[in-house]
Amino acid sequence: VYISKLEIAGFKSFGFKNTVIHLKQGLISILGPNGSGKSNILDAIIFALGENKPKMMRVDKLSSLIHDVNKNKHGIRIARARIHFDNSDRKIPLESNIVTSTRELDINGESTYYINNKKITRTKFLDLLDVANLSLTQLNAIQQGTITRISEFSSDEKRIAIEDLI
Amino acid sequence: VYISKLEIAGFKSFGFKNTVIHLKQGLISILGPNGSGKSNILDAIIFALGENKPKMMRVDKLSSLIHDVNKNKHGIRIARARIHFDNSDRKIPLESNIVTSTRELDINGESTYYINNKKITRTKFLDLLDVANLSLTQLNAIQQGTITRISEFSSDEKRIAIEDLI
Amino acid sequence: KRQTFLHAFDIVDKEIKLIFSKMTSGFAWLELQNEDNIFSSGVSYLVQFPNKPKRDTASISGGEKTLAAIVFILALQKLKSSSFYLFDEIDAHLDAPNSKQLSHIIKERSCGSQFIMVSLKDSLIEKANLIYGVYPKDGTSQVVVYKKPTIAK
Amino acid sequence: KRQTFLHAFDIVDKEIKLIFSKMTSGFAWLELQNEDNIFSSGVSYLVQFPNKPKRDTASISGGEKTLAAIVFILALQKLKSSSFYLFDEIDAHLDAPNSKQLSHIIKERSCGSQFIMVSLKDSLIEKANLIYGVYPKDGTSQVVVYKKPTIAK
Ligand SMILES: Nc1ncnc2c1ncn2[C@@H]1O[C@H](COP(=O)(O)OP(=O)(O)OP(=O)(O)O)[C@@H](O)[C@H]1O
Ligand SMILES: Nc1ncnc2c1ncn2[C@@H]1O[C@H](COP(=O)(O)OP(=O)(O)OP(=O)(O)O)[C@@H](O)[C@H]1O
Ligand SMILES: [Mg+2]
Ligand SMILES: [Mg+2]
C-alpha cells in the first residue's frame, strides 16, 4: 500500500479549487519558500487519516483548517482531503486496486468520512486504516522542528515504542 | 560592555588545557561540523554568568559539565569558564577597563565565583552582573531549536516580556 | 505603572512595525487585549505577510514564526538593549531569501552591540566581523579563527 | 509476552547497530535497564561517535541527536514497516556530510516504501524520485512538478 494521489481543496492555504498531487513509491521531496504551504501538504495527509487533535495540524480548533483567504465560488466552505491508496497488495481488505479515503470538514467542525466515495462512520473508518497499518504515529510522521525530541525520549517511551509495534 | 575574551577549561567538550577565544563587538559567527562543540561555547558563557539549571546547559546534573574524555594532567578535574568584559563604558560599577567573571565547578557540583580574580559569593556575583544588565533571559540567549517558541508565547508571556524590561 | 507600560508598549510596537516591514515588506504590530485591564490581560502579536491576511503569530509557518520571533527580540532591544546576544542556529528553518534578510538586519543591529551566533548558512557567515571554526581533535574541541573574507567551504 | 518483547528488542538493536555504523562509522545500541523486570523498567539508547566516548542519546549535540533519532525510526521499520513516512525538515540541524549520509540511507530505505519529505537541503532533493515545488499565488498554495534531474535553484 502506498499513496498514489492526493487531492486537497479548501484545506488551509489550499483554495477551493481542487489541487491534485500525483505520488509514487520511493523518495518524494517537497520544496518551496517559507510560508508556501509545504507543511500544510503533510497536515492534509494527517487530516485525511483521521487526526482529530487541532494542535497536531498546528491550529487552535478544527474549523481553522478551512481555507480563509479566498471565497468559495462553488458554494459552502468545506475543507476536503482525499488520499488515493494503491491497494494492489490488498493490505486494505477491500476488493479494489485503488482505495480512496476522504475526509470533509464543515465550518462547525463536523467531519464526514468516505471510503471509495461511500460514507462511513469515523470508527469504521479508523478501524479499516488500522487493519492496513495506515495509522500515523510520532515515529512515522515527524513535524517540523521535532526530530531531536525522539532522541530525548525517556527510557520508558523507548520501551513502549518497541512494544507498540509487536 | 561587551565580551572581549572567553576562556574555557575542562568544560564539556573543552579539555583541561585552557582554550582562549578573543571576541569583539559586532557579529561573530561560529561554525563547525555536528558535535564539534559550537553550542558548548554558548553553554560556557551561560555557565560563567551563573546559570544553575543543568537543563539550560543540556545536562542532567551540574557535575556532568566537567570534561569527561581526557584526564587532567594538571591535577583535579574542574570545569572553568572566564569571561573578560570590556568595561570602558563602566556599566559594571568597578574601576577597571577589563572585568573578568570566572566560575569554577568541582566534581561534587560545588561552584566558586570570582570577579577580577577575587572570590565572591554567588549572590554578590549575580547582583553585580544584574546591575550591569548582563543577565541572560530567554530573549537574548536562544538555544538550538527553540526560536519558533517565542512566536508561540501566550499573550501573557508577551506582556510580561515587555514588563520585565521596564 | 500603567503609563510606564503603555509608553514601553508603544516603543516596542513602533519598532516591530519598522523592522518587520523592512525585512518582509509586510506588516506586524502588537495589540493590547484589554486596555482597561492591562495587567490581567495579554498582548497579541499580529503579522501580515505580503498577499496574505493578518494572522496571530501562533498560526503561521515555521519560517514565518522564526522571522516574527527575531523581530520581537530586536524590537525589545529598543526598550532596553542587552549587551550581547547568543543565538544558536536561529536560521535553521529560513529559506535563502529570508536568511539574507536576517543577515542584513542582524548586521545593522550589531553595531554597538554584540551578537554571537552559531550558524550553518553562508549569508550570515559572510556578514560576520569575526569567524571562529570549531573542530574535534584528540577527544576535545579546538577553536581556530578564520581569516576574513575567504571562507573555507 | 516477555519472549516476544525480547525477540523484537533484538531485531531493533541489531538494526540500530547496522544502520548507525553505516552512517557514522561509530557504534549505537540498545540496553535493557532491568532484564528481570522488563515491563516496569526502560530501554536505554547509547551511541558512540568516532573518537568519542559512549553517551546516552539525551546528552549529545543537536545534529547528533537528529542522526540517532533517524536511526531509531528506521530500525523500528524492521519490526513493522510503515507504509509511508512523513518527514518535515528533519535535516535542519545536520551539517553537509551528515546530510549526505542521511540522503544515502533514506534513498536505500525508500525502495518498497514511501518517504514524503519536506527538505531545504540539496543532498536530499537530488536523490528524490519525484520533486514537487510549492509556491503562493493569488492567496493560495500552488503545486508544480519539477522535471528531474535539473533543479531550478
Ligand atoms: N485556514 C487557512 N487558510 C489560509 N491559509 C492558511 C490557513 N491556515 C494556515 N494558513 C497559511 O498557510 C501558510 C503556509 O503554511 P505552511 O506551514 O505549510 O508553510 P511552509 O511551506 O511549511 O513554510 P516553512 O518553510 O516556513 O515551514 C502560512 O502562511 C499560514 O498562514
Ligand atoms: N562533559 C563532557 N565531556 C566531554 N564531551 C562532552 C561533555 N558533554 C557533552 N560533550 C560532547 O560535546 C560534543 C559537542 O556538543 P555541542 O552540542 O557543542 O555540538 P555542536 O557543535 O553544537 O553540534 P551540532 O551542530 O550538532 O549542534 C557532543 O558530542 C557531546 O557528546
Ligand atoms: Mg513548514
Ligand atoms: Mg549545536
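Just so it is clear: chains get the letters A, B, ... in the order the sequence lines come, proteins before strands, and each one is counted from 1.
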Inset, instruction - Walk me through it: do B:Arg80 and B:Glu7 pass the test salt bridge (Lys or Arg N to Asp or Glu O under 4.0 Å)? - result: CA-CA 8 Å; B:Arg80 189 181 56 236; B:Glu7 291 180 56; 5.5 Å; no
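The pair B:Asp127-B:Lys124 does not meet the salt-bridge criterion, since no charged nitrogen lies less than 4.0 angstrom from a carboxylate oxygen.
Of the two parts of D:Lys65, neither the backbone nor the side chain holds a non-hydrogen atom closer than 4.5 Å to a non-hydrogen atom of chain B. Looking at D:Leu94, the atoms closer than 4.5 Å to chain B (heavy atoms on both sides) sit in the backbone and in the side chain alike.
Ring pair B:Phe47/B:Phe11 is tilted by interplanar angle, where 30° to 60° counts as tilted.
Ranked by heavy-atom pairs under 4.5 Å with chain B, the first of D:Gly62, D:Pro97, D:Ala58 is D:Gly62.
Residues D:Phe39 and D:Phe5 bring their aromatic ring centres within 6.0 Å.
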